[in-house]
Amino acid sequence: MQKPSLPKGTRDFAPQIMRKRLHVINTIVEVYRKYGFEPLETPAMENLSTLTGKYGDEGDKLLFKILNNGNFLEGLNAADFEAETDLNKITNHIAEKGLRYDLTVPLARFVVQNQHLISLPFKRYQIQPVWRADRPQKGRYREFWQCDADVIGTDSLLCEADFLLIYHEVFTRLHLNNYEVKINHRKILEAVAETIGYKGELMTLTVAIDKLDKIGWEGVSKELAERGFAPEQSKLLQELLQQFDFNTDVIGALEFSLKDSEAKSAGINAIKELLALLGNKVNSLQVKLDLSLARGLDYYTGVIFEALIHESGMGSVSGGGRYDNLTGVFGLPGVSGVGISFGLDRIFDIMENRSLFAGQDRPECKILLCHFDEVSFHYTNEIAQTLRDKGISAEVYPDIRKLKKQLDYANKRNFAFVGVAGSEEVQNKTIQLKDMDVGSQSQLGLNELIEKLR
RNA sequence: GUGGUUGUAGCUCAGCUGGUUAGAGCGCCGGAUUGUGGUUCCGGAGGUCGUGGGUUCGAGCCCCAUCAUCCACCCCA
């Protein structure tokens with residue numbers, strides 16, 4: 001008999017773990033709902049044509065593909081296999097479905113397909129697993145959960161402002177107080193490029209500077225040199241790439257450091273409006289404008305977000321931004337969207353490291369009822385049914401065994417209370433209520449028991 | 001896709017330069033005059049040492065391959 005195992009990068013979530021994960025999920029859901037988002041779910045698998053070409057070449061490589069059912073080799077001949085250069089042809093032939101890679105593309109697909117069902121602006125949240133055929137490592141899994149919220153169909157910066165408030169509320173409620181939200185704007189990145197006199201692809205520039213916090217300035221300048229940047233440009237860039245705290249004079253700092261241009265005024269106006277919408281709330285939001293933040297420029301066109309927890313040893317726990325034309329690829333141009341996504345698994349890992357799950361160590365069930373014999377077994381069963389009628393969760397130990405075994409079980413499940421009944425209790429219509437933390441015990445009538453457990 | 005790390009009991013690991021029946025802690029099961037757990041004591045079950053090959057009189061230990069794992073890079077939550 002072979003020992004069973006799990007596919008690489010996937011995990012089981014035992015009940016003890018699920019309690020904690022649900023705590024995080026529920027917190028995020030409560031906050032999302034508070035801001036008017038409604039739930040959406042989409043299938044685990046999408047047509048490969050929906051997924052490919054949306055995440056760049058790297059992304060396409062990381063897509064899990066699902067082998068067609070039936071004779072998937074039909075129509076292929078030996079020549080197709082000999083032409084090693086064109087694996088794509090074979091792939092397209094034998095797989096037409098894939099596992100979703102994120103929740104944003106399925107959302108775009110949904111919006112395009114269901115315009116009759118939704119009204120713009122469309123606000124939805126979606127908490128589901130996604131799959132990437134990456135090599136697993138710390139904080140990186142092949143199956144992981146994203147907690148997305150997006151607004152589609154409005155350009156208003158109110159959405160961005162709301163997301164900053166959502167970040168604050170979620171992290172505060174999870175006791176992840178030393179979080180930081182980095183924010184940047186595509187237009188400001190363009191202004192940075194113009195300031196240093198860079199004329200090439202913005203992508204080239206941003207890929208290099210995005211690594212700043214990881215490889216430091218030395219690494220970045222080396223990479224820039226390799227990509228044909230002049231030393232003066234590199235130096236100027238270094239002076240520019242600082243972080244500006246939202247609490248202080250961000251606008252002044254930008255006005256001062258960036259060269260005048262169309263991109264500059266567009267970027268600054270957006271930040272100004274965002275600040276105006278946040279009002280004095282901004283003081284508590286732990287937001288920094290970070291000119292080196294340049295994530296996923298493939299489709300972000302406006303504000304870009306990234307959230308991280310200091311001293312967690314983990315990369316970002318959330319990312320997001322505005323994309324002007326995501327639904328365009330599915331034939332619906334001109335619809336703007338903006339969204340964020342929490343990485344549930346990373347947040348969970350950090351919280352577990354910091355022991356932030358106090359209060360999630362009990363089962364939902366309030367009390368385990370124990371007994372000594374056939375008669376008291378039926379007696380406790382009746383009590384359990386009464387308790388449940390009163391809205392109190394209760395469980396009866398299902399076998400007649402030594403009390404020691406039953407208490408042992410209660411202890412392992414970490415029940416807060418155990419109710420014990422034997423012939424004496426049956427006679428008096430009472431129960432022994434035992435507090436499992438303290439070990440204390442008291443003889444109670446049914447009404448007293450209900451009061452105590454409520 | 002590239003580089004490195006580690007694979008011994010359910011879990012965490014020990015096993016000296018290759019030498020008899022492979023160990024510990026935790027966990028699990030049973031028990032300590034049968035109506036009381038989390039502490040203690042006693043007893044027990046459980047491993048073809050990741051897999052396949054090689055070197056050797058002899059391999060958990062050395063060599064090769066393979067699979068898995070974790071970590072780093074690329075990229076990303």
Side-chain angles (χ1 to χ4, degrees), chain A residues 1-11 14 24 28 55-63 87 100-104 127-148 203 206-208 210-211 214-215 219 223 294-298 305-309 312-321 339-350 361 368 370-373 376 397 400-426 431-441 443:
Chain A
M1 195 59 163
Q2 208 187 338
K3 278 189 193 176
S5 63
L6 281 173
K8 188 199 291 279
T10 67
R11 297 146 300 152
V24 177
I28 293 173
Y55 311 103
D57 289 345
E58 281 293 328
D60 284 355
K61 278 186 212 158
L62 300 181
L63 285 175
L87 259 180
R100 74 165 99 78
Y101 179 90
D102 71 359
L103 302 177
T104 309
I127 297 178
Q128 290 191 275
V130 303
W131 294 268
R132 298 184 188 177
D134 222 348
R135 284 258 174 108
Q137 55 180 283
K138 189 172 166 195
R140 172 174 298 189
Y141 307 95
R142 290 185 136 184
E143 178 184 65
F144 61 99
W145 269 249
Q146 291 194 327
C147 314
D148 278 37
M203 198 67 194
T206 55
V207 163
D210 198 34
K211 297 177 194 164
K214 203 166 209 171
I215 60 180
E223 194 159 328
R295 32 173 317 107
L297 273 187
D298 282 359
F305 301 111
E306 182 165 294
L308 56 89
I309 310 296
S312 64
M314 203 74 83
S316 65
V317 295
S318 177
I340 59 171
S341 174
F342 288 96
L344 172 63
D345 307 85
R346 286 187 177 176
I347 290 173
F348 176 90
D349 286 351
I350 293 169
D361 51 354
L368 179 75
C370 304
H371 38 74
F372 292 96
D373 49 36
S376 50
Y397 193 87
I400 295 167
R401 294 187 72 187
K402 285 183 182 176
L403 184 59
K404 182 182 163 63
K405 298 293 174 200
Q406 301 183 49
L407 286 171
D408 218 22
Y409 176 78
N411 199 47
K412 279 170 193 158
R413 289 274 308 273
N414 204 20
F415 274 94
F417 293 103
V418 164
V420 183
S423 53
E424 202 178 308
E425 286 78 10
V426 172
I431 193 145
Q432 289 279 351
L433 181 68
K434 188 177 176 74
D435 180 323
M436 292 298 279
D437 281 340
V438 196
S440 65
Q441 213 167 284
Q443 180 111 220

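Each chain gets a letter, A, B and so on, in the order the sequences are listed, and its residues count up from 1.
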Residue [X], side-chain atoms from C-beta onward, closest of [options]:
| X | options | result |
| --- | --- | --- |
| A/Asn411 | B/A77, B/G38, B/G35 | B/G38 |
| A/Phe144 | B/C71, B/C28, B/A77 | B/A77 |
| A/Glu425 | B/U36, B/G31, B/G35 | B/G35 |
| A/Asp134 | B/G37, B/C71, B/C75 | B/C75 |
| A/Glu58 | B/A77, B/C75, B/A72 | B/C75 |
| A/Ser423 | B/C75, B/G35, B/U36 | B/G35 |
| A/Val420 | B/C28, B/G35, B/G30 | B/G35 |

So what does [X] hit on the nucleic acid, given a heavy-atom distance under 4.0 Å: a base, only sugar-phosphate, or nothing?
| X | result |
| --- | --- |
| A/Tyr141 | base |
| A/Ser316 | sugar-phosphate |
| A/Gly139 | base |

Item to check | A/Leu103 side, atom CG; A/Gln128 side, atom CD - distance, nearest 0.5 Å | outcome: 6.5 Å

Is a donor-acceptor contact shorter than 3.5 angstrom present between the side chain of [X] and the base of [N]?
| X | N | answer |
| --- | --- | --- |
| A/Arg140 | B/C71 | no |
| A/Gln406 | B/U36 | no |
| A/Lys434 | B/U36 | yes |
| A/Arg135 | B/U69 | no |

Specify the separation, in whole Å, of atom [atom1] of [X] and atom [atom2] of [N].
| X | N | atom1 | atom2 | result |
| --- | --- | --- | --- | --- |
| A/Arg142 | B/G1 | CZ | C1' | 12 Å |
| A/Lys405 | B/G30 | NZ | P | 4 Å |
| A/Gln137 | B/C75 | CD | P | 12 Å |
| A/Ile350 | B/A77 | CD1 | P | 14 Å |
| A/Gln432 | B/G37 | CD | P | 14 Å |
| A/Leu62 | B/C76 | CG | P | 10 Å |
| A/Asp102 | B/C75 | CG | P | 18 Å |
| A/Met436 | B/G37 | CE | C1' | 5 Å |

Next on the checklist: For the backbone of A/Tyr397 and the side chain of A/His371, can you confirm whether one donor and one acceptor N or O come within less than 3.5 Å of each other?
Outcome noted: yes

Item to check | Nearest-nucleotide comparison on RNA chain B, the residue closer to the 5′ end among A/Arg346 and A/Pro7 | outcome: A/Pro7

Item to check | Upstream residue (5' side of RNA chain B) when A/Gly439 and A/Gly313 are each assigned their closest nucleotide | outcome: A/Gly439

Checklist entry - Would you call the rings of A/Tyr55 and A/Tyr101 parallel, tilted or perpendicular, where under 30° means parallel and over 60° means perpendicular? => result tilted

Next on the checklist: Under 5.5 Å centre to centre and under 30° between planes: does that hold for A/Phe372 and the six-membered base ring of B/G35?
Outcome noted: no

Next on the checklist: If I compare all heavy atoms of A/Arg142 with all of A/Ala133, which pair ends up nearest, and what's the gap?
Outcome noted: NH2-O, 3.6 Å

Checklist entry - For A/Gly139 and A/Met314, which heavy atoms make the closest approach, and how far apart are they? => result CA-SD, 3.7 Å

Any side-chain N or O of [X] under 4.0 Å from OP1/OP2 of [N]?
| X | N | answer |
| --- | --- | --- |
| A/Arg401 | B/G30 | yes |
| A/Lys402 | B/G37 | no |
| A/Lys61 | B/C75 | no |

Any strand counts, and the cut-off is 3.5 Å on both contacts for Watson-Crick or G-U wobble. Which nucleotide pairs with [N]?
| N | value |
| --- | --- |
| B/G18 | none |
| B/G44 | B/C28 |
| B/C61 | none |
| B/U5 | none |

Next on the checklist: Regarding A/Asp148 and A/Ser341, do their side chains bring together a donor and an acceptor under 3.5 Å, going by distance alone?
Outcome noted: yes

Next on the checklist: In whole Å, measure the gap between the C1' atoms of B/A24 and B/G3 for me.
Outcome noted: 36 Å

Next on the checklist: As a quick check of understanding, evaluate salt bridge (charged side-chain N to carboxylate O under 4.0 Å, His left out) for A/Asp345 and A/Arg140, giving each step before the final call.
Outcome noted: CA-CA 8 Å; A/Asp345 307 85; A/Arg140 172 174 298 189; over 6 Å; no

